[in-house]
Amino acid sequence: MRASMPIERTLILCKPDAVSRGLVGEIITRIERRGYVIAAMKLLQLAGDAARDHYAEHRGKPFFDDLVNFITSGPIVAVAAEGEGAIEGCRQLMGATNPLAAAPGSIRADFAQTIGRNLIHGSDGATSAERELKLFFDDRDFVSRRHDLERWMRE
């Protein structure tokens with residue numbers, strides 16, 4: 001029996017560049033191979049107000065408009081991933097915001113082109129995960145996969 005971490009749920013967004021470049025499947029595969037389960041997923045086109053709400057913590061910063069313009073420029077895939085330590089684990093999978101500084105083997109190091117076109121967003125903590133998940137999903141959107149998590153925790 002191994003020591004366990006708390007089961008967490010986090011938001012992952014495959015941004016418009018990931019969708020247009022056909023990398024959503026690769027991103028989802030990496031999340032699942034790490035042992036996280038997909039509890040909810042949607043393909044959508046984000047509107048300006050929703051994008052501004054999502055990036056609310058950056059309001060007033062010089063790059064805020066660029067964030068909003070890019071995330072609304074094409075379809076995105078919103079994913080709720082869950083599992084032990086999912087927030088930090090998914091952030092490690094993503095790599096640093098700047099692809100040139102991202103760890104080798106991370107999604108951004110392997111596929112991202114620039115800071116502004118870095119394929120993926122992930123919640124940076126429990127508070128932001130809770131807030132962000134509510135922006136994209138209702139309770140009825142989630143499918144329980146606890147049996148998968150419990151089995152993987154025993155292995």
Side-chain angles (χ1 to χ4, degrees), residues 1-46 50-51 54-55 57-58 63 66-68 70-138 141-155:
M1 182 116 181
R2 61 185 177 85
S4 63
M5 298 174 62
I7 300 295
E8 298 175 327
R9 188 177 282 167
T10 189
L11 177 72
I12 302 295
L13 296 179
C14 298
K15 296 179 182 178
D17 53 338
V19 174
S20 68
R21 292 178 57 204
L23 293 170
V24 174
E26 175 72 27
I27 292 168
I28 300 299
T29 296
R30 288 181 183 216
I31 291 168
E32 290 181 322
R33 283 187 180 157
R34 182 76 178 254
Y36 303 118
V37 297
I38 305 305
M41 184 164 53
K42 289 181 180 179
L43 173 69
L44 63 136
Q45 178 77 42
L46 202 56
H54 174 66
Y55 286 124
E57 71 272 14
H58 298 300
F63 54 86
D66 289 339
L67 288 173
V68 170
F70 177 61
I71 202 77
T72 59
S73 69
I76 64 170
V77 175
V79 175
E82 65 181 30
E84 290 185 47
I87 296 169
E88 183 57 32
C90 285
R91 291 190 64 77
Q92 286 176 4
L93 280 172
M94 290 170 27
T97 303
N98 182 346
L100 298 176
S106 68
I107 292 165
R108 287 177 173 150
D110 289 350
F111 302 110
Q113 297 169 320
T114 66
I115 290 176
R117 300 287 185 268
N118 63 10
L119 301 173
I120 189 169
H121 164 84
S123 302
D124 64 4
T127 302
S128 63
E130 183 178 350
R131 181 185 70 79
E132 292 175 352
L133 285 163
K134 288 178 183 175
L135 292 172
F136 291 91
F137 300 105
D138 295 322
D141 294 324
F142 293 97
V143 175
S144 176
R145 304 253 333 256
R146 293 285 181 197
H147 63 282
D148 291 334
L149 290 170
E150 290 167 0
R151 186 185 76 237
W152 291 330
M153 289 170 58
R154 287 191 303 269
E155 293 175 353

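The model shown is predicted, which means the values in this text are computed figures rather than measured ones.
In this structure, Ile71 and Pro16 have side chains that are in contact, with non-hydrogen atoms separated by less than 4.5 Å.
A donor-acceptor pair is defined here as one N or O able to donate and one able to accept, closer than 3.5 Å; such a pair exists between the side chain of Arg131 and the backbone of His54. Proximity of a side-chain donor or acceptor of Glu84 to a complementary backbone N or O of Glu8 within less than 3.5 Å is not detected. Without hydrogens or angle criteria, Asn98 side chain to Ile115 main chain gives no donor-acceptor distance under 3.5 Å.
The minimum heavy-atom distance linking Asp141 with Lys42 is given by the pair OD2-NZ, 3.2 Å. When all heavy atoms of Ser106 and Gln92 are compared, the closest pair comes out as CB-O, 4.0 Å. When all heavy atoms are compared, the tightest approach of Met41 to Phe137 is N-CE2, 3.8 Å. Closest non-hydrogen pair, Ala96 versus Arg108, comes out as O-CD, 3.0 Å. In plain terms, the two heavy atoms of Ala81 and Tyr36 that are nearest each other are CB-CB, 4.4 Å. Of all the heavy atoms in Pro75 and Val19, the pair that sits closest is O-CG2, 3.4 Å.
To the nearest 0.5 Å, atoms CD (Glu88) and OG (Ser123) are separated by 12.0 Å. To the nearest 0.5 Å, atom CZ of residue Arg117 and atom OG of residue Ser73 are 6.0 Å apart. The distance from the CE atom of Met94 to the CG atom of Asp124 is 9.0 Å, given to the nearest 0.5 Å. Annotation: the span from Ser128 atom OG to Leu11 atom CG amounts to 9.0 Å, rounded to 0.5 Å. Going from atom CG of Leu67 over to atom OH of Tyr55 covers 5.0 Å, rounded to the nearest 0.5 Å. To the nearest 0.5 Å, atom CD of residue Glu132 and atom OG1 of residue Thr10 are 7.5 Å apart.
Of the listed residues (Ile120, Leu23, Asn118, Ile12), just one forms a side chain to side chain contact (heavy atoms under 4.5 Å, CB included) with Ile107, and that residue is Ile120.
In this structure, Glu130 places its CD atom where only 12 or fewer heavy-atom neighbours from other residues, nucleotides or ligands lie under 6.0 Å away.
Geometrically, Arg9 engages Phe142 in a cation-pi contact defined by less than 6.0 Å to the ring centre and at most 45° from the axis.
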Is there a side chain to side chain contact (heavy atoms under 4.5 Å, CB included) between Ile76 and His121? Walk through the geometry before answering.
CA-CA 11 Å; Ile76 64 170; His121 164 84; over 6 Å; no

